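Below is one structure, written out as structure tokens; the observations come after it.
If you read the sequence from its start, that first residue is 1, and numbering goes on from there. These figures come from a predicted structure and were not determined experimentally. Heavy atoms only: backbone and side chains are in, while hydrogens, waters and symmetry mates are out.
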Amino acid sequence: MRTKLPSDEAFVNRDGVKIHFEIYGSGAETILFIPPWSIVHSRVYKAQVPFFAENFRCVTYDPRGNGKSDRPNDASAYTLDQFLGDAIAVLDAVGVDRAILIGLSFGGMLASLAAAQHPDRVQAAVLIGTAAAIGPGYPYMMPQHFLTQQQQFTDWNKYNREYWLTNYREFAEFFMSNMFVEPHSTKQIEDSVGWACETDGHVLGKTVEARTIAPPFDVGEAMYRAIRCPVLVIHGDNDRIQPYERAQRVAEVLGVELKTIPGGGHNPSGRFPAKCNAMIIEFLQELGLMARPQRKTRRARTALYLSSPIGLGHARRDLAIARELRDLHPDLEIHWLAQDPVTRLLESRREIIHPMSKQLASETRHIEQEAGEHELHCFEALRRMDEVLIKNFMHFQQAVEETEYDLVIADEAWDIDHHWHEHPELKRSQLAWFTDFVGYLPMDNGDKREAFLTSDYNAEMIQHVEKNPAVRDRAIFVGTPDDVVPRSFGEGLPDIQSWVTRHFEFSGYIIGEHPNDFGSRDELRRSLGYNDDERVCIVTVGGSGVGAHLIRRVLQTYPLVVQTISNLRMIVVVGPRIDRGAFDVPQGVEIHSFVSDLDRHLAACDLAVVQGGLTTCMELTAAQTPFIYFPLKNHFEQNFHVPYRLHRYRAGRRMEFASSTPETIAEAMVQQLTKPGRFALVEAGGAARAARMLAELL
């Protein structure tokens, strides 16, 4: 998903070669993101553009040879002066006299060249993993190596014209694995190979041949000495494409500080975007090109609460924790950093919503775009949410830089947990981490790639926690040790149950408001307007727009069920993100977009039909309400973690959407209405226990 779409896009034509550019944001100052080697295109800056476009006018363009730009056939079209001319032409096309230049790899050399040749056009330059003609180079990256015919295509002999023309994708995979040498870089490699395959070996070969054509200007030390604008140099000390020693030499000649990414490869802005973005922000703030936050120390105790936007059950339990925490600390002020539809619930409870919330990219919209017909490959959807998560993390980081919070409470805020573990020096507050499941699990379909990827992501999380245990000041599992699935994190990794028991505390299950507190069921029904002589069935699919297919099928069951249970009253809650007018609603069925006290209705009804989300299913279990649940296909949490827990409580009837017709669903509904079972009791007091754990941090 594109987190931010361009406000404008066009082509600039240089001698018959069209260069495609895009504009994001409308800030007073402009950042031009110069593309690296034509093996990738402008999407290589996806971890920077959406965030910086909130403060700057950001311009990106595809290099000749990739993306939407032309692919000339002659090597002479790919010389250094042609690439430099493209950068200046794009600035002219967007009407910008001076810009901040950010260049990765070859883009770093172009940014340096532009600063030297066109000093009036460059305010500042950021060189990331910069290519350079000074300092030592790797022999296998020399044009001569590319042009020499190789008989043995092993390792860097694949950097060869003959190999590219016959095995280009294999070369792209090899090259990108050497660009991202850091462990757990599967997503970055996958993205980059995809971008590389938007060109081919013939075109890319011309770019290397062009390097043998002498440029009409000096690119040695004299070029760097001619630069007068401020420069930031960022480089990984394990770069296999452009040696770290080159960056050291560039920084030395420029007389600037070199920011080192320990263990970093050739694209630190892609692999470690939070750290690189923070370095760029600090650089721009020092130059007065970006506002420096005035750190606010509040008199009262203050917490920043992040509630997961995927499902409103999280928000209800977070509100319960907040309520209990305020009882322990009446002076506590809580700010919520949240997204729609959570903000709607928070607003209805008159909570303080942090203004930065409006700038968050929508995780819910991303999930909706990833979903199919009652299907969501949850793990892959989370992997592909990386662009959303880095933008949101940067806004979160802004919030904690601006205000001195006593505590950050993160309910499955994966971006905060990941990036603070990766860069503990960015941590600005105590962190309490909540989750109700631990461990990515592959679906049982024999997919070896998925098994490898889930294991790799689990291994990274385990290493984060064990290497930097102080990042989480409190790690709280919402449940008991018996609620943790008895499975492995993956081949060669520990057992999930034993590992979680060592690294988490347990609050017991947390429900927004336990049904025990609702009073008698008869009184609750009367207060909600339910009659004694009717059987009430509630159909609800949560706060995202993923459940439309399930709603349509369940609506078809109503005429079938009322043949047996004539006093059935069906109430459908589609959630705030689904258009209730998009359904053919049988006469006698009510349909609503949003119900703020849905938990009370679930406790009062006679039957619920839901997806496989844990919070809703556990609310029903605690209320002893019979329910049928349909886990989303390929959703590992709903197919493994949730059913395991529900089985312990002997709760709910699981059905598979793909094999369930309206007739079989109607039959199951009648059975649940006529022969309801009893579930194991769900413990009360989880919110109070969690609040006491948080209170100790305050």
Audit row: H549, F657, ring-ring contact (aromatic ring centres under 6.0 Å, His included) steps and yes/no: CA-CA 9 Å; H549 297 286; F657 179 84; 7.1 Å; no

Verdict with supporting geometry, F379 and Y457, ring-ring contact (aromatic ring centres under 6.0 Å, His included): CA-CA 10 Å; F379 173 68; Y457 272 60; 5.2 Å; yes

Intermediate values then yes/no, ring-ring contact (aromatic ring centres under 6.0 Å, His included), H464 and H418: CA-CA 8 Å; H464 275 166; H418 174 84; 5.2 Å; yes

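Within the 6.0 Å centre-distance limit, the rings of H395 and F51 are counted as a close aromatic pair. For Y138 and W156, the gap between ring centers reaches or exceeds 6.0 Å. The ring of W433 has its center closer than 6.0 angstrom to the ring center of W414. Note: F477 and F506 meet the aromatic proximity criterion, with ring centroids under 6.0 Å apart. Note: F171 and F175 meet the aromatic proximity criterion, with ring centroids under 6.0 Å apart.
There is no side-chain donor-acceptor pair under 3.5 Å between D411 and S308. Looking only at atom types and distance, the side chain of Q463 has a donor-acceptor partner in the side chain of H184 under 3.5 Å away. In summary, the side chains of D456 and T454 do not present any donor paired with an acceptor at a separation below 3.5 Å, with no hydrogens or angles considered. Q48 and N277 form a side-chain donor-acceptor contact under 3.5 Å, judged by distance and modelled atom types alone. Counting only N and O atoms by type, the side chains of E412 and T435 include a donor and acceptor under 3.5 Å apart. For the 3.5 Å distance criterion, the side chains of S455 and N458 fail to qualify, holding no donor opposite an acceptor.
In summary, of the residues considered (V642, D483, L614), a side chain to side chain contact (heavy atoms under 4.5 Å, CB included) with D436 occurs for L614 alone.
A salt bridge is absent between K391 and E387; no separation between the charged side-chain nitrogens and carboxylate oxygens falls under 4.0 Å. In summary, E656 and K633 do not engage in a salt bridge, as defined by a charged side-chain N under 4.0 Å from a carboxylate O. Electrostatic pairing of R71 and D200 does not count as a salt bridge here, judged by no charged N lying under 4.0 Å from a carboxylate O. The pair D191-K46 meets the salt-bridge criterion, with a side-chain N (NZ, NE, NH1 or NH2) lying under 4.0 Å from an Asp/Glu carboxylate O. Here E422 does not pair with K427 in a salt bridge; the nearest charged N to carboxylate O distance is not below 4.0 Å. Contact check on K158 versus E170 returns no salt bridge, with no Lys/Arg side-chain nitrogen under 4.0 Å from an Asp/Glu carboxylate oxygen. Between R383 and E190 a salt bridge is recorded (basic side-chain N to carboxylate O distance below 4.0 Å). Using a 4.0 Å cut-off between a side-chain N of Lys or Arg and a carboxylate O of Asp or Glu, E683 and R648 do not qualify as a salt bridge.
Listed by chain and residue number, nothing satisfies the ring-ring contact (aromatic ring centres under 6.0 Å, His included) test with H314 (two or more places apart in sequence, or in another chain).
No side-chain heavy atom of H635 sits under 4.5 Å from any side-chain heavy atom of H377.
Under the 30°/60° scheme for interplanar angles, the aromatic rings of W37 and Y159 are found to be tilted.
Remark: R653 fails to qualify as a cation-pi partner of F627 under the 6.0 Å distance and 45° angle criteria applied to the six-membered ring.
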